[in-house]
Structures are given as structure tokens and as C-alpha cells.
S.K.: 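Below are the C-alpha cells for one structure; questions will follow.
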Amino acid sequence: METVIEMKNVYFQAQNQEIVHDFSFQFEKGKTIALIGPSGSGKSTVLKLAAGILVPARGDIFFQGHNIFAMNRTQNLSFRKQAAMVFQDSALWSNQSLYQILELPLKLHFPQMDKQERDQRMNDVLVQVGYRKALDVRPAQLSMGEQKLIAFARAMLCDPNLIFLDEWTESLDDASVQRLVNLVWERQRNNDSIIFVSHNYKVIKHLADYIVMIVDGRFSQLFTREQIAQDEDMAQHIEKRIAL
Ligand SMILES: Nc1ncnc2c1ncn2[C@@H]1O[C@H](COP(=O)(O)OP(=O)(O)OP(=O)(O)O)[C@@H](O)[C@H]1O
Ligand SMILES: [Mg+2]
């Protein structure tokens with residue numbers, strides 16, 4: 001098994017509170033792993049730690065064997081180009097237009113692209129996610145669902161092969177969920193590595209190779225797709241935990 005992200009004895013604290021406790025896991029390259037657990041159990045925190053966005057109090061995080069926090073600038077830029085994240089709250093810059101928000105990652109990671117190429121790429125991705133409205137508006141003018149679509153489009157722009165998705169189907173209508181699920185499915189066929197958080201059991205069952213349950217900031221249980229498919233009790237147990 002090839003590991004894309006390894007978390008080793010990771011602890012995270014905020015305001016003197018321990019939020020993630022001794023979390024270790026090897027995320028397999030080319031697989032899709034769903035993080036599940038009750039509200040407030042630490043899923044978003046673990047996802048952001050895995051993506052190198054939060055700095056652990058203790059422990060290490062490796063991307064393909066390289067310590068994320070010991071990379072030089074070039075290695076870091078390469079990691080950032082390959083990895084992309086959809087945040088639970090979408091995290092779009094409130095003082096920028098959608099056009100500016102989408103243009104930035106392309107300008108950063110593909111400096112040789114001209115405006116016409118960037119516009120074409122943006123348009124392609126926006127069609128894929130199903131966003132058809134104006135780009136000269138600010139995020140506050142969008143619904144939560146539309147913000148999610150833009151956040152998803154931003155994540156896909158640079159053609160990442162390591163994708164972190166946090167509650168990425170929340171606030172979306174069924175057709176949009178289906179569209180995004182199809183896009184993730186295409187990524188799976190492309191052998192990309194996907195780590196996602198979701199409360200949507202149908203989405204989890206459809207996409208996840210493995211499910212990691214997190215309870216009270218700790219690794220709790222690991223389930224495989226086969227286990228869930230075969231064991232109705234376990235499927236129900238998981239569905240119940242997600243519903244919490
Ligand atoms: N920066 C912070 N300061 C203080 N507390 C924090 C901080 N970040 C997270 N927490 C707390 O840590 C716990 C875990 O938060 P986290 O957002 O990771 O949970 P979650 O499992 O993603 O929850 P949800 O399902 O509601 O999205 C929560 O109790 C939260 O209030
Ligand atoms: Mg969360």
C-alpha cells in the first residue's frame with residue numbers, strides 16, 4: 001500500500017482544550033476515505049490537520065513521506081498545487097468577486113497561463129459544477145449552496161490529485177449533489193486520493209473505500225466498503241452515528 005498522507009500521534013489544542021487526541025492514520029494513495037462522527041467530534045479539525053492547514057500541538061504529518069511542516073518553498077508550492085480543499089463554511093474571501101477568487105489559484109500555480117486560458121478553465125469548471133450565474137458578485141450575494149459550488153469549483157481548478165472535502169454536499173439540491181458526486185467519481189477513476197467529511201450516508205456508501213469514525217477527537221473505528229456492503233447491522237450502526 002502506498003500512503004499519500006500519514007498522521008502520526010497528532011494532538012491539537014485550542015483555547016487550552018484538547019480537540020484531537022493522539023490521532024494516527026495512513027491515508028492510502030488513490031483511495032477515498034470518509035471521516036464520520038458526531039457533531040463536534042473533531043472531523044473538520046482532523047481534515048485540516050491532514051491538509052497541513054492547522055499546525056498540530058504534537059505529532060507529525062507527512063505528504064508522500066515528506067513532513068508537511070519541514071518542506072522548503074518549492075516542495076510546499078508543489079504540495080499546494082496538488083492538494084485542494086473545500087471548507088465546511090466554503091471559506092470564500094468576502095471582499096473579492098467570484099472572478100477574483102477563482103482567478104487567484106490559477107495565477108499562482110499556472111503563471112504561464114494567459115487570461116483567455118484562465119477564463120476558459122474557469123468556465124469549464126463552473127459548467128461542471130453547474131454554476132451559471134455572474135462572477136462579478138461577492139460571496140455574500142450567493143446562497144450557501146451556491147457558495148459550496150464555487151468552493152468546489154475553486155478546488156478543482158488546478159486539477160488536484162489530493163482532494164479534501166468538508167461537508168461538501170450540505171445545502172445543495174439533489175441535482176447538484178449528483179453532479180458533484182459524479183465529479184468525485186471521475187476523480188476516483190483518475191486514481192486521485194480523496195479524504196472527505198460527510199453526514200450524507202448515501203454519498204458515503206456510494207463513494208468511500210474506507211470509513212474512519214472519529215469520536216471525541218480520537219480515532220474510533222475503521223470500516224471497509226466490503227464490511228458495510230455485507231453487514232446490515234454495521235451499516236445501520238454507522239448510519240446512526242452519522243445522524244447524531
Ligand atoms: N479554534 C478553535 N477554538 C476553540 N474550539 C475549537 C476550535 N476549533 C474547533 N474547536 C472545537 O473543537 C471541537 C471539534 O470541532 P470540529 O469543527 O473539528 O468538529 P466537527 O466534527 O467537524 O463538527 P461538525 O460535524 O459540527 O462540523 C468542537 O467542540 C469545536 O468547538
Ligand atoms: Mg465539521
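Counting from 1, the numbers follow the sequence of the chain as shown. For ligands, and for the atoms within them, numbers begin at 1 and follow the listed sequence.
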S.K.: Is the NZ or CZ atom of Arg179 positioned over Trp168's six-membered ring, under 6.0 angstrom from the centre and within 45° of the axis?
M.R.: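 Pair Arg179/Trp168 does not count as cation-pi.
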S.K.: What does the angle at the Mg ion (ligand 2) come to, between atom OE1 of Gln88 and atom OG of Ser44, rounded to 10°?
M.R.: 80°
S.K.: Suppose I only count heavy atoms of Gln88 and a 4.0 Å limit; which atoms of ligand 1 are within that range?
M.R.: 27 (O)
S.K.: Which of parallel (below 30°), tilted (30 to 60°) and perpendicular (above 60°) describes Phe25 and Phe27?
M.R.: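 Because their plane-to-plane angle is over 60°, the rings of Phe25 and Phe27 count as perpendicular.
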S.K.: Would you say CG of Asp124 has more than 12 non-hydrogen atoms from neighbouring residues, nucleotides or ligands within 6.0 angstrom?
M.R.: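 Count over threshold, so yes.
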S.K.: Name the one of Phe69, Phe164, Phe79 that satisfies ring pair (Phe, Tyr, Trp, His ring centres under 6.0 Å) with Phe63?
M.R.: Phe79
S.K.: Does CG in Asn72 sit with more than 12 non-hydrogen atoms of other residues, nucleotides or ligands closer than 6.0 Å?
M.R.: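 Check passes, neighbour count above 12.
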S.K.: For the 3.5 Å polar cut-off, considering only N or O atoms, please tell me whether Lys43 and ligand 1 meet it.
M.R.: yes
S.K.: Would you verify that at least one protein heavy atom lies under 4.0 Å from atom 23 (O) of ligand 1, or report that none does?
M.R.: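 Yes, because at least one protein heavy atom sits under 4.0 Å from atom 23 (O) of ligand 1.
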S.K.: Within 45° of the ring axis of Phe110 and under 6.0 Å from its six-membered ring centre, is that where the NZ or CZ of Lys81 lies?
M.R.: yes
S.K.: What residue and atom, counting heavy atoms only, is the protein's closest point to atom 17 (O) of ligand 1, and at what distance?
M.R.: Ser44 CB, 3.7 Å
S.K.: If Ile, Leu, Val, Met, Phe, Trp and Tyr residues are connected whenever their side-chain heavy atoms lie under 4.5 Å apart, and connections chain through other members, are Leu47 and Ile163 in the same group?
M.R.: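 Result: no, two separate clusters.
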S.K.: For Trp93 versus Arg154, what's the shortest heavy-atom pair and its separation?
M.R.: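 What the structure gives for the nearest pair is CZ3-NH1, 3.7 Å.
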S.K.: I'd like to know whether ligand 1 has His199 as a neighbour, heavy-atom separation below 4.0 Å.
M.R.: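 Right, His199 reaches ligand 1.
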S.K.: Among all protein heavy atoms, pick out the one at the shortest distance from atom 13 (C) of ligand 1; state its residue, atom name and that distance to 0.1 Å.
M.R.: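 Nearest protein contact, heavy atoms only, for atom 13 (C) of ligand 1 is Gly40 O, 3.5 Å.
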S.K.: Answer yes or no for Ser41: is there a heavy-atom contact with ligand 1 below 4.0 Å?
M.R.: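 It does, in that a heavy atom of Ser41 comes within the 4.0 Å cut-off of ligand 1.
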S.K.: With heavy atoms only and a cut-off of under 4.0 Å, state how Thr45 meets ligand 1: side chain, backbone, both or neither.
M.R.: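 Answer for Thr45: both.
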S.K.: I'd like to know if the Mg ion (ligand 2) has an N/O/S atom from Ser39 within less than 2.8 Å of it, counting both backbone and side-chain atoms.
M.R.: no
S.K.: Kindly indicate whether atom 30 (C) of ligand 1 is approached by any protein heavy atom to under 4.0 angstrom.
M.R.: no
S.K.: Can you tell me if Gln147 and Ser143 form a side-chain donor-acceptor pair at under 3.5 Å?
M.R.: no
S.K.: Does only the side chain of Gln15 get under 4.0 Å from ligand 1, or the backbone, or both, or neither? Count heavy atoms.
M.R.: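 Just the side chain.
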S.K.: Write out the residue and atom name of the closest protein heavy atom to atom 2 (C) of ligand 1, then the distance separating them to 0.1 Å.
M.R.: Ala14 CB, 3.4 Å
S.K.: Only heavy atoms of Gly42, strictly under 4.0 Å: list the atoms of ligand 1 that pass.
M.R.: 14 (C), 16 (P), 18 (O), 19 (O), 20 (P), 21 (O)
S.K.: At what distance is the nearest protein heavy atom to atom 9 (C) of ligand 1, and which residue and atom is it?
M.R.: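 Going by distance alone, atom 9 (C) of ligand 1 is nearest to Ile19 CD1, 3.8 Å.
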S.K.: Within 45° of the six-membered ring axis of Trp185 and under 6.0 Å from that ring's centre, is NZ or CZ of Arg189 located there?
M.R.: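 The answer is yes, since Arg189 meets both limits relative to Trp185.
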